[in-house]
Visitor: 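This is the structure, below, for whatever I ask next.
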Amino acid sequence: MEILSKIYGMTAIDNLTCYPSYLVMIALAFVLLYLGIKKGFEPLLLIPIAFGVLIANFPGGEMGVLAVNGVGEIFRISNEALQNGLGDGFQTVTLVNGVEASQASSNFIQVGQLFYDPSIEGNEILKNVDLVSQIKVYDIWAMPLHDIAHEFGIMNYIYYALIKSGLLPPIIFMGVGALTDFGPMLRNLKLAIFGAGAQFGIFAVLIVASQCGFDMKEAGSLAIIGGADGPTAIFTTLKLAPHMLGPIAIAAYSYMALVPVIIPLVVKLTCSKEELSINMKEQDKLYPSKTEFKNMQALKILFPITVTTIVAIIVPDAISLIGMLMFGNLIKEIGNSTSRLFQTASNGIMNTATIFLGLSVGATMTVDAFLNLKTIGIVAGGFCAFGLSIFGGICLAKIYNLFAKKKINPLIGATGLSAVPMASRVANDIALKYDPKNHVLNYCMSSNVAGVIGSAVAAGILISFLG
Amino acid sequence: MEILSKIYGMTAIDNLTCYPSYLVMIALAFVLLYLGIKKGFEPLLLIPIAFGVLIANFPGGEMGVLAVNGVGEIFRISNEALQNGLGDGFQTVTLVNGVEASQASSNFIQVGQLFYDPSIEGNEILKNVDLVSQIKVYDIWAMPLHDIAHEFGIMNYIYYALIKSGLLPPIIFMGVGALTDFGPMLRNLKLAIFGAGAQFGIFAVLIVASQCGFDMKEAGSLAIIGGADGPTAIFTTLKLAPHMLGPIAIAAYSYMALVPVIIPLVVKLTCSKEELSINMKEQDKLYPSKTEFKNMQALKILFPITVTTIVAIIVPDAISLIGMLMFGNLIKEIGNSTSRLFQTASNGIMNTATIFLGLSVGATMTVDAFLNLKTIGIVAGGFCAFGLSIFGGICLAKIYNLFAKKKINPLIGATGLSAVPMASRVANDIALKYDPKNHVLNYCMSSNVAGVIGSAVAAGILISFLG
Amino acid sequence: MEILSKIYGMTAIDNLTCYPSYLVMIALAFVLLYLGIKKGFEPLLLIPIAFGVLIANFPGGEMGVLAVNGVGEIFRISNEALQNGLGDGFQTVTLVNGVEASQASSNFIQVGQLFYDPSIEGNEILKNVDLVSQIKVYDIWAMPLHDIAHEFGIMNYIYYALIKSGLLPPIIFMGVGALTDFGPMLRNLKLAIFGAGAQFGIFAVLIVASQCGFDMKEAGSLAIIGGADGPTAIFTTLKLAPHMLGPIAIAAYSYMALVPVIIPLVVKLTCSKEELSINMKEQDKLYPSKTEFKNMQALKILFPITVTTIVAIIVPDAISLIGMLMFGNLIKEIGNSTSRLFQTASNGIMNTATIFLGLSVGATMTVDAFLNLKTIGIVAGGFCAFGLSIFGGICLAKIYNLFAKKKINPLIGATGLSAVPMASRVANDIALKYDPKNHVLNYCMSSNVAGVIGSAVAAGILISFLG
Amino acid sequence: MNSLSILASATANAQEFEGLSGALLLMAIGMVTVFIVLLLVIYVGNALIMFVNKFVPEETKEAPKASFASVQSVDAVTANVIAQAVNTLTGGKGKVESIKKI
Amino acid sequence: MNSLSILASATANAQEFEGLSGALLLMAIGMVTVFIVLLLVIYVGNALIMFVNKFVPEETKEAPKASFASVQSVDAVTANVIAQAVNTLTGGKGKVESIKKI
Amino acid sequence: MNSLSILASATANAQEFEGLSGALLLMAIGMVTVFIVLLLVIYVGNALIMFVNKFVPEETKEAPKASFASVQSVDAVTANVIAQAVNTLTGGKGKVESIKKI
Ligand code: NA
Ligand code: NA
Ligand code: NA
């Protein structure tokens, strides 16, 4: 019987039954796996994230990213201290050593291999006041990375080395850049302006969220979901409100997967059949462009360098995203002489970054980081940001059409959202539904790609003024 | 002459002649290179390990992983202190600053670029008592990783960043999972139980080793060699007895390479011709299974998720290994939509991990870490663990056959060891020798793959109770 | 207007106009991009370096590697301290807290997101003496890597984790080794000695530079440009004079790209037509070699192991370069059984290392690290080192020819420089110009590859005696 | 058994298992656990087979296509995968007769 | 406006933008900046097109060849070249009849 | 020369080489060492050639096959990679005419 008792002690069963909220997280992991595998929701990101959620939420597995308070502290009590203290009387515990109650992390204490929430009644252990004085405080910013791995396991290590350091989002942007073609944008450069209009959702939701219980940093992180760009959303959240990373990343990627649903919805609500039937090619014939392209190759090489310079001057905080995006694009466009680098940037590096980003973002989704009211706010606010961004782009197109002779299909405004290239494909399908000859894909790609730049710029602004 | 004297001072010749034990290590490196290159002993791991041993054992090269004592301390004395102290009288030195004599690392002191062992007579320098007070103590757990690189060279950096942090074994397991097919196991799920029986060697040798001068942590590390799984052995040793990492890794991989010798040996000693002639296919015909497989693809996707959940609940400490193994398998089985991740996990990431794991595990094999009696114990104990694991699997099959109508070839028990897929091939060859029509490969693969899960579980138990 | 003022405050415009030296650096980045893209100057390295220079030099972007003083300190003042101090009187500031004035880094202070140079008049902020006491000092060697990322951005993180740690140059050497064929060298082993003669430029320029205002460490870093080997130059500079890393790396790669200009120049100045017409194949016929090669495969496997051992004994400090070079070569020559590792070492790992090395070496090229007189010295000295190395090789060949019957074409001495394989191709072209039948390529490859070993050895010596 | 005693047993450390009896206890714990886990794998695995046969009996034909957010096209991927294939297959001496796209 | 005040404004932090008016201000700043950046991209992009048309009107035929310093031979490069070839050939719809290594 | 003086000389640092004479000394040390190393490479290399010719004169035909512990089979990987390539390239409609390994 001693054997079975020890085995039972080793298992996570006791903890899972005491704290059924873990089961909620595990169920969530299964739902996300279902969405990623069966429904094809951004599988490359959502499946690693979902698996990260799964393995993070078994007590004792040490695969969850520990929540820290605002100054980077983690609280733990040793097993010896715990066992020594068992004989004493129990008292209610209030954490007083400088931890703000508003910090999600201060609510949770890791005791040995188990997690205890002092706010839950019947949690006798931490009611022993003598134990509180023996709680060890770790300063995550003073611990060497290998010590983080040693004390808290590899997921915390990966998280601090690759994610919290801000490294992976720019690295992924390098790969995105290496897979992006600015050709369509260069051929219809004017349409790039709709990549600006479609950032409206970000700032609109920022206002609403800041009035609904989120502080400004949290509101900014929530709002950036409206940029429809995963790495940008993660990068911004890491700088402003890292405790909301998991839900924001999942919301961002889920809504990007739902672009084929959301765009038609917004378009249906805001556009008339006439507007959607505007044929860009015929407009081009009516009002032909004078621009000719004598050397597209040279142009494509000069363009990323130019955009980097412009963004770096106006919004220096966006340079780590935009700079890496454009570097990836540059080594692609240069061609032969840097194709080795291009190959690795767009494959090995990007896939590696995706795996580790996904797993460790998922691993931040522990009980206390997810099961709170803010998550509902993120889900709702993120959806609004998405919809309002599309709406913003459409409105800009409509306003433009009020003044210009050469009309623009509002779908091109809608794709300013980014979510490249799915948004463009969805827009194209909508256009074809109204007029089977109206191929708007290449036009949409211009605003679509510009939307990536636009949301990175918006992220830089949020980081600059709120960070 | 001053020139030649200075050149001589720069070379490692003086040190190699003073401490011929270095030459033993270099010779060992050559032997391992020979085994890996010429004999084909697990070349992917043994060749990097052997090269790591080679470059680690030239004094002054700073390519060896420094031994630390139990609390992570390294001792060094500066050249200035050394030179200033030369005028004084010499005295015998005993290290007194809190270092336990039983720690391998406390016997060694790095002086400038040279290593001196205070226990060796004629080692005048450290007999100067004034110098002892000037020995600088480094706390490896408080040094940032780049400072480790700066002070101790890149091998220590790689070791602490990738190995001691526990990162690479799970990463390699991700690659292993991506290259594993659970199909044969699913088709003969019942046979998976022999993956449990064949963990017997681990716990049997644990008992013996703990009675033969190894402490429990060391005994556990030694015993895990019987799991016949390289990353599992390395992971467990890192958690329990990192000072024995080199010999254990080499023993584990060497015995895995010797599976074609060890399995026939144990089989010959324990099995009769009748037992080895049991034809599984005919048994299947006599007692047909009712199981049908309507959707193997869905099954293969659900299976890794399920196993992860089961293991995570029962043995949370095994989750970093099993979780990553199953994640690798999942992204393979999902197919198209995650094939980018699968490609990188099973190639780029796994090969990179293998190179750095091999080199730095080899680099831990410095004189004091290898040339001691425990190495002999590891070599002998590892062999016993291997043999007893095979024996355990065979016994379980025999016991099963006592009670069941549908007989099982004991070779299927033997392959519960893991060492996938070589063990299965070897077992198949043995079966074919007795009956050229008796193909047992697919049956063996079931217990063989289950053995990987079994030894990871055993590792989790050892870490949970001894770590 | 408040809006525009805040936007203006966010941009880098104010800083760029105050400190036009940034514009010089940006212009330099464009020039380097031009040379790499259009002129094909070592594009794989120069393009990432150039892009690194570009993104590093926008104030507020946090993409530049911060200069530190000799003990690794960085100085910053918080924005609050700055704003609180504005009301007080201003005074001239002299930094007195232990920073040597000779350290480039001590001249610069990062204030908030802006950089201020206290030596420039009109720089009112730092003249406020009260602020000086509030300058925060960061010890870069005591900060965990993720804290470096957090405080100073990802480029500093990459720099300290991958470059300053000394990791990437050996990693790149592993890839170089995997792409090197020692066959031609083994077939003409005697010619390897010219890889020694062609290190003359290193030590000659060391003498000159040490007499011209460079200290010995700086002189050594400058001189190693004469080794014509990028990773070796970077590795040596990191150990001896990291503040000169950017200019030295750029000079090294630029001159390597200029090998087709520099070698013909030196050859024209030093060699007669008769010497250049020496036909090695005819010499071989006249004085045939007795060496036969019964098993080139085995030889190629044993050779890297042997060279590693020799170099490790004589120059232990060169082992991290030579060891990794030879390990890369070994896993290539072993063939099938390690081809997985070879593939990844020569592609994924090497390309990844190249991208991060290039970007972060470029990012060290901030205003104060580049715009000083030493840069001119580096450009001039590097050129001399290059030329004198070629000259040294040629001289050795001439001296040899004085005594030997079997003459040697001095071009084989010239290629001892390394710069594999371009130097050999250039030498072959020169030989063919004088005699269309005189193919010297295979002979040149011997001294050429030996030059790689030679300059790594020279680097080891410099690090050993000056480091 | 309350959660406190559980906690204590879960946090057993090496000292508790010193000596022969400790090692034997650990062996018992270990072998029992390994058997529990693999039996669970077998039973739950069988349940899974029944579940799949009952609820998802048909093979899905088309797995969802991979995509990176903000990713344009997969030309690079194609090139790389073919390079991999050619490389792996040939090992220096093979040949790919033909790969056709219809 | 001297550089001190600039500095102060540049270092604005979250507190300054608390409240509805702060959020509205941030929206104004944000949208204006996004428009400025993309307008600049459009205008400078058009200037770039004119520049290229005027000064580098011809496509360069031969890109400079990739090389690693101190790199010998080309097994890895071969793989790469095949990738390139396949890429060029297929262009999304081509076919590689055969890649032979004899 | 005892090991102490060796140690002292081995630990020479930059200061010792200041000045012209120091630099000249370093040049001498450096060039002599480089020559020693490459001469050793040549002589030991020649010894190696003789050794190989005498003791391993025949080329080994079959190098040992690569394997990862717990790895199924390389053939499976190959097949998989090819399948992937074809799949990616053809978008599910292609066919591999023939794959030969010679
Ligand atoms: Na966007
Ligand atoms: Na096993
Ligand atoms: Na050289």
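Order of the sequence lines sets the chain letters (A, B, ...), proteins ahead of strands, with each chain counted from 1.
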Visitor: Top residue by heavy-atom pair count (under 4.5 Å) with chain F, among C:Ile314, C:Asp215, C:Val307, C:Ile207?
Guide: C:Ile207

Visitor: Is it the backbone or the side chain of C:Ile463 that comes under 4.5 Å from a heavy atom of chain F, or both, or neither?
Guide: neither

Visitor: In Å and rounded to the nearest 0.5 Å, what is the CG to CD1 distance from F:Leu26 to C:Ile461?
Guide: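 Between atom CG of F:Leu26 and atom CD1 of C:Ile461 there are 8.0 Å.
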
Visitor: For F:Phe51, is it the side chain, the backbone, both or neither that has a heavy atom under 4.5 Å from a heavy atom of chain C?
Guide: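 Looking at F:Phe51, just its side chain touches chain C.
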
Visitor: Any chance you could measure F:Leu48, atom CG, to C:Lys300, atom NZ, to the nearest 0.5 Å?
Guide: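 Here the interatomic distance stands at 14.0 Å.
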
Visitor: Taking CZ in C:Phe235 as the centre, count heavy atoms belonging to other residues, nucleotides or ligands within less than 6.0 Å. Is the count above 12?
Guide: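 Check passes, neighbour count above 12.
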
Visitor: Side chain from CB out, backbone as N, CA, C, O: work out which of these in C:Gln211 comes under 4.5 Å of a heavy atom of chain F, or both, or neither.
Guide: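 Side chain only.
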
Visitor: In terms of heavy-atom proximity below 4.5 Å to chain C, should F:Val41 be classed as side chain, backbone, both, or neither?
Guide: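 Answer is both: backbone and side chain atoms of F:Val41 are under 4.5 Å from chain C.
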
Visitor: Can you pull the side-chain hydrogen bond (donor to acceptor under 3.5 Å, both in side chains) pairs that have at least one residue in residues 388-399 of chain C, sequence neighbours excluded?
Guide: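 Qualifying pairs: C:Glu275-C:Lys398.
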
Visitor: Under a 4.5 Å cutoff for heavy-atom pairs, which residue among F:Thr33, F:Val44, F:Ile29, F:Leu20 has the most contacts with chain C?
Guide: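 Highest number of heavy-atom pairs under 4.5 Å: F:Leu20.
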
Visitor: Report, one line per pair, each donor and acceptor closer than 3.5 Å where one atom sits in a side chain of residues 447-454 of chain C; sequence neighbours left out.
Guide:
residue	atom	partner	partner atom	Å
C:Ser447	OG	C:Ile412	O	2.7
C:Ser447	OG	C:Thr415	OG1	2.7
C:Ser447	OG	C:Cys444	O	3.1
C:Asn448	ND2	C:Ser424	OG	2.4

Visitor: Which one, C:Gly460, C:Ala318, C:Ala192, C:Gly220, leads in non-hydrogen pairs under 4.5 Å with chain F?
Guide: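 Ranked by heavy-atom pairs under 4.5 Å with chain F, first place is C:Ala192.
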
Visitor: What part of C:Ile202 is in contact with chain F, defined as an atom under 4.5 angstrom from a non-hydrogen atom: side chain, backbone, both or neither?
Guide: neither

Visitor: Under 4.5 Å heavy-atom distance to chain F, tell me which part of C:Thr291 shows up: side chain, backbone, both or neither.
Guide: side chain

Visitor: Could you report the tightest heavy-atom contact between C:Glu292 and F:Ile49, atom names first, then the distance?
Guide: O-CG2, 3.7 Å

Visitor: For chain F, which candidate among C:Ile310, C:Leu206, C:Leu191 shows the most heavy-atom pairs at distances under 4.5 Å?
Guide: C:Ile310

Visitor: If you count heavy-atom pairs under 4.5 Å between each of F:Asn46, F:Leu38, F:Leu40 and chain C, which one has the most?
Guide: F:Leu38

Visitor: More than 12 foreign heavy atoms under 6.0 Å from OH of C:Tyr287: is that the case here?
Guide: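 Buried by this count: over 12 neighbours within 6.0 Å.
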
